[in-house]
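Structure first, then comments.
Since the model is a prediction, treat every value here as computed from it, not as a measurement. Convention: sequence-line order gives letters A, B, ...; per-chain numbering from 1.
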2 protein chains.
Amino acid sequence: MARPREFDEAKVLASARQLFASNGYHGTSIDDLVQATGLLRGSLYKAFGSKRNLFEKILAEIADDFKATPESLDLLTVALKDLAAVDKPIRLLCLKIVGKNSKTYANLLGANLLAKMKENK
Amino acid sequence: MARPREFDEAKVLASARQLFASNGYHGTSIDDLVQATGLLRGSLYKAFGSKRNLFEKILAEIADDFKATPESLDLLTVALKDLAAVDKPIRLLCLKIVGKNSKTYANLLGANLLAKMKENK
DNA sequence: GCGATTAGTGAACGATTAGTCAATAATAAT
DNA sequence: ATTATTATTGACTAATCGTTCACTAATCGC
């Protein structure tokens, strides 16, 4: 009962996720997101409200059924390092992912962090 | 044979290190550094050249005799996540720190990352 | 005293930041 | 065809970003 969306939300979220995962939260600008997703700023804001909200949505999505892929581990690292200290909802999503497996996740997160170092020789 | 410095370089570096460690590289602005160190922008740039250079100096300093304190682990995490992918000298300093102990450091880095999550309940 | 050299000062720069908004467009229901 | 509703567009804003620089100040050897 209104104009339909022209973009595929899942694809937009996938592009944004990749950017946040590899460049961090503060290292990813709205312009970066505009470029990567193809959406214009206005549409991005109408659809997701804010950069912070977009990030939370992405994190919530992967928290819902977490798989320890490099990208997801990167995103969890970004959430923990760039936002968790000052953003309770983000912190809670991190807790939801990790649960009682903090030993396991410590290993996964650390190994994933170090892996980046070696890729570029 | 010139005007002497009025600031204590070690103290300035300590303040900057703390900021970078807790807020990340992109999360730390020059204004933040000016505030925390007490130095004015001009002095900061005369002494250290650039934000990137200041960070490298700090990382080099801790790389020289690395102790796995929370702050140093935070700083290594920041170096790895915010800079290593696009900055070879930084990457090499990370490698120097980790050496052949990547299993050990994976655990330390991961545990340190997760610790932040629990502090704020 | 006088140069030479280096440090401190802070206004200013262009670029980029996250976010807004009035105009236009596309759909569905009546 | 008209109306209601939601989406797209991109120019715009105020703030902040990292960096520069002309100026002043303090020390040294002479």
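Linking ILVMFWY side-chain heavy atoms closer than 4.5 Å, directly or via other members, places A:V78 and A:L92 in a single hydrophobic cluster. Residues A:F7 and A:L13 are members of one and the same hydrophobic cluster, defined by side-chain heavy-atom contacts under 4.5 angstrom among Ile, Leu, Val, Met, Phe, Trp and Tyr.
Contacts with DNA chain D (heavy atom under 4.0 Å) in residues 22-33 of chain B: B:T28, B:S29, B:I30, B:D31, listed by number.
Between the side chain of B:R3 and the base of C:dA7, at least one donor-acceptor pair of N or O atoms lies under 3.5 Å.
Regarding B:D8, its CG atom lies at a distance of 12 Å from the P atom of C:dG8, rounded to whole Å.
Applying the side chain to side chain contact (heavy atoms under 4.5 Å, CB included) test to A:I30 and every residue at least two apart in sequence or in another chain returns A:L33, A:V34, A:R41, A:L44, A:Y45, A:K51. Partners of B:F48 according to the ring-ring contact (aromatic ring centres under 6.0 Å, His included) rule, which considers only residues two or more places apart in sequence or in another chain, do not exist here. Contacts of A:A68 classified as side chain to side chain contact (heavy atoms under 4.5 Å, CB included), with partners at least two apart in sequence or in another chain: A:F66, A:L73, A:L108.
Side-chain atoms of A:T77 and A:D74 form no donor-acceptor pair, as typed in the model, at a separation below 3.5 Å.
When all heavy atoms of B:I62 and B:L75 are compared, the closest pair comes out as CD1-CD2, 3.6 Å. In terms of heavy atoms, A:A84 sits closest to A:L80 at CB-O, 3.5 Å. For the pair A:V86 and A:R91, the tightest heavy-atom approach, listed with the atom from each and the gap, is N-NH1, 4.4 Å.
Between C:dT20 and A:Y45, no contact under 4.0 Å exists linking OP1 or OP2 to a side-chain N or O.
One N or O on the side chain of B:Y25 and one on the backbone of B:R52 form a donor-acceptor pair closer than 3.5 Å.
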Give every pair of a protein N or O atom and an N or O atom of nucleotides 9-15 of chain C that lie under 3.5 Å apart, one pair per line with the distance.
from	atom 1	to	atom 2	distance (Å)
C:dG10	O6	B:G42	N	3.3

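The residue among A:A2 and B:A2 whose nearest nucleotide of DNA chain C lies closer to the 5′ end is B:A2.
In the 5' to 3' direction, nucleotides of DNA chain D lying under 4.0 Å from heavy atoms of chain A begin and end at D:dT5 to D:dA11.
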